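What follows is a single structure, and I will ask about it in a moment.
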Number of protein chains: 2
Amino acid sequence: MDRPRRPTSADVAARAGVSRSTVSYVLSGSTQHSFPQATRDRVLLAAAELGYTPHAAARALRRGTSGVVLLVLADVPIGANLGSMLAEMTTAVAATGRSLVTWTGGVGPTLRETLAHLDPVVVLTMAPLAPAEADAVGNAGIPLVAMPYAGSATQTVGPAAPSRGELQVGALQLQHLAAHGHRRVAVLTVAEPRLALFAHGRVEGVRRAALDLGLDQPPVLALGEPDDAAVEAVAQALTGWVRGPAPVTALCCYNDLYAAVALAAAARCGLRVPQDLSVAGIDDDPLGRFLAPPLTTIRFDFRDTARAVVEQVAAVLEGAPLPPPGPSSQVLRVVERASVGPPPAR
Amino acid sequence: MDRPRRPTSADVAARAGVSRSTVSYVLSGSTQHSFPQATRDRVLLAAAELGYTPHAAARALRRGTSGVVLLVLADVPIGANLGSMLAEMTTAVAATGRSLVTWTGGVGPTLRETLAHLDPVVVLTMAPLAPAEADAVGNAGIPLVAMPYAGSATQTVGPAAPSRGELQVGALQLQHLAAHGHRRVAVLTVAEPRLALFAHGRVEGVRRAALDLGLDQPPVLALGEPDDAAVEAVAQALTGWVRGPAPVTALCCYNDLYAAVALAAAARCGLRVPQDLSVAGIDDDPLGRFLAPPLTTIRFDFRDTARAVVEQVAAVLEGAPLPPPGPSSQVLRVVERASVGPPPAR
DNA sequence: ACGTGTCAGTGAATCGTGTGACTACGCTAG
DNA sequence: CTAGCGTAGTCACACGATTCACTGACACGT
């Protein structure tokens, strides 16, 4: 059951009555050589008739570059805004004559295999890579570029090195609440191991910002699956937190989903949002604005980043050695809605 | 500014004091040749010391296959469940010694370019491809496999050929409402051109199911951006629909986001959900269960599909000619929550 | 007639790997 | 002595596109 062999440039040459060199020159539109229109037409016609497509591997071998840009994504859901950044980056990369594809690594399969298959000219990464994976990229002689959000392309030490973006988003969340007058907040985070790195970074960002502002270190509650049991758990924690002499007046949530859990829990406790309790999310999930009350959140404005990243990629390929991770602050933006207000007067 | 050249098998050979062939045989673990342990060790050591990685393009050229599986995604946000399917498929494909990468096409860049860069062994597609793109795949001699959801791999005619999955999901939505006793429903869809194919399929699914069940054809409202204006528009339409002798008692929404818009609009009109109006979404957005009331929705259970698709890919590569699109019905599941109930008694 | 220049096009090397065909050698059985 | 065999390893080609260096042929000016 053999597929009919795909046509090669030799087939085109034979059909057009010219040499392979001529085919190559004509099809690549080289300005080095000029061919009379008649010859050019013969070649183009033959190529079209045969449905000739140059063999990618052969071309890559000869040229020395594959033209593939590989974006490594963490094994996490891709939200709407990340999705549109992806589309934007794809077009931007395409404009440089290269192709962007993404690999959703996860834990099981090794990045090494994929590198061997693709031979990308550069690897982009959204989150810091594990040392073994970063080594794989380095050994293959492939430049590794971190998205501004990631901060650094590889984990420096252990699993506990959060990316810059995570730290900043946590800090921004707390700063926004502090600006509204909150002095005592709590953190709602997630326990799932897959998300540990993200979660830890965000919590750590809140902690450090609290430290900087001279606030108490916030109590932290880690949740499992976001289900009814989680709502119950949060409700229970809330009743404890809002009692006592120094009650918690605001909640930093891991993302908008967990903020929704918090809203449900607050409703169950009879706490009004934001009068009794302010709630801040992260991610600007499109659904957030239709919650009751509409959710104040922090948005990653990835789209602005896309162009910058692509430029960085181009620069690296020109030979620029190590571009410093660009400023990522402008990427984050507080989206103010009704779920955050001033703390209750005492 | 030239990067240090990456080591080739010739470098390894020189370092180990053997020929290139020996290096190749040893590293590929061929059983054709047997080499004494000492030689084998020398080669392996040299390769390790140099950090040798075989050149992907050269290998692909020689082998005649790149080992890359390309998944073409539509330019739409990737939800949580689609994301986990992606991870699952990646591992499953990796287990067959190939690599799965995804390309988020969108409108601008051509798939053709990417095919030329990657030379995939097979192209998977989530939604039917435009004829031009399908041709590009076919001309390159690459088998094209449709995910069960897509139904067929290429649009048959015009932009108006919805995929099977879309039709089914719309039908399922209406059937569920009909099972609850609703006789007159309305449809809330989306006007964005990017989503036109999806939107049209879902609406069409609802329409045909209504026809089959002998119900009236539902009125349709197409919304722009899901914002406050959209809420207003829906509220206005609702007041019209629920008046009169045969009032609308349920809403089929394009997805959970638009269902949330509907909930907000219903609240504004003073309509209670589900007592006065039932609302059904699509996608099982994780946030849906935390809306008030929790949203009844339809879930694409992609994870069950992953293995099946990968098996299909393997089959195609073995030479099986054209696998019929598998049954996709089990992929869809109604998730019953509180936003759908019986219609109000008249 | 000669040097120079341009046009139209070709030959052959090159990229790095994988592998079937082959050699060189030592040993043993007949 | 030699045919036969197993071991240890090498040679050289193939994969397909690209591109440098080159050849004829012709035109032009002196």
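Below, read A as the first sequence line, B as the second, and so on, with proteins coming before strands; counting in each chain starts at 1. This is a predicted model, so every value here is computed, not measured.
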Along DNA chain D (nearest heavy atom to each residue), the more 5'-positioned of B:T39 and A:S9: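 Its nearest nucleotide being more 5', the pick is B:T39.
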For A:S19 and C:dT10, is the shortest distance between a side-chain N/O and OP1 or OP2 below 4.0 Å?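 Yes, such a contact exists.
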Would you indicate what A:V23 reaches in the nucleic acid, counting non-hydrogen atoms under 4.0 angstrom: base, sugar-phosphate, or nothing? nothing
Between B:S66 (side chain only) and B:D119 (backbone N and O only), is there a donor and an acceptor less than 3.5 Å apart?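 Between the backbone of B:D119 and the side chain of B:S66 there is a qualifying donor-acceptor contact (under 3.5 Å).
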How is A:R20 classified with respect to the nucleic acid when contacts are heavy atoms under 4.0 Å: base, sugar-phosphate, or nothing?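 Contact class for A:R20: base.
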Is the backbone N or O of B:S24 less than 3.5 Å from a side-chain atom of B:S28, with the two atoms forming a donor-acceptor pair by type?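 Yes, B:S28 side chain to B:S24 backbone: donor-acceptor pair under 3.5 Å.
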Could you point out which residue of B:V69, B:I142, B:V313 forms a side-chain contact (heavy atoms from CB on, under 4.5 Å) with B:V121? B:V69
Taking any heavy-atom pair under 4.0 Å as a contact, classify A:S21: base, sugar-phosphate, or nothing.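 Answer is base: heavy atoms of A:S21 come under 4.0 Å of a base.
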Kindly say whether, by distance alone, the side chain of A:Y25 makes a donor-acceptor pair under 3.5 Å with the base of C:dG11? no
If only side-chain N and O atoms count, and only distance matters, is there a donor-acceptor pair under 3.5 Å linking B:T90 with A:T104?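 No donor-acceptor contact under 3.5 Å links the two side chains.
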For B:L100, is there any backbone N or O sitting under 3.5 Å from a side-chain donor or acceptor partner on A:H117?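 No, because the side chain of A:H117 does not come within donor-acceptor range (under 3.5 Å) of the backbone of B:L100.
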Residues in contact with DNA chain D, drawn from residues 48-58 of chain B - heavy-atom cutoff 4.0 Å: none
Can you pull the contact range of chain A along DNA chain D, 5' to 3', using atoms under 4.0 angstrom from its heavy atoms?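 Reading along DNA chain D, I get D:dG16 to D:dA21.
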Under 4.0 Å, heavy atoms only, any strand: does B:T8 hit a base, just the sugar-phosphate, or nothing?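 Here B:T8 touches the backbone only, sparing every base.
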Could you pull out every donor-acceptor pair under 3.5 Å between side chains of residues 37-53 of chain B and any protein atom, sequence neighbours left out?
from: B:Q37; atom 1: NE2; to: B:D41; atom 2: OD1; distance (Å): 3.1
from: B:R40; atom 1: NH2; to: B:F35; atom 2: O; distance (Å): 3.1
from: B:R42; atom 1: NE; to: B:A16; atom 2: O; distance (Å): 2.9
from: B:R42; atom 1: NH2; to: B:A16; atom 2: O; distance (Å): 3.3
from: B:E49; atom 1: OE1; to: B:R15; atom 2: NH1; distance (Å): 2.0

First of B:S24 and B:L61 reached from the 5' end of DNA chain C, by closest nucleotide: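 Nearest nucleotide further toward 5': that of B:L61.
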Walk me through whether A:R98 and A:V68 qualify under side-chain contact (heavy atoms from CB on, under 4.5 Å). CA-CA 6 Å; A:R98 283 177 275 262; A:V68 172; over 6 Å; no
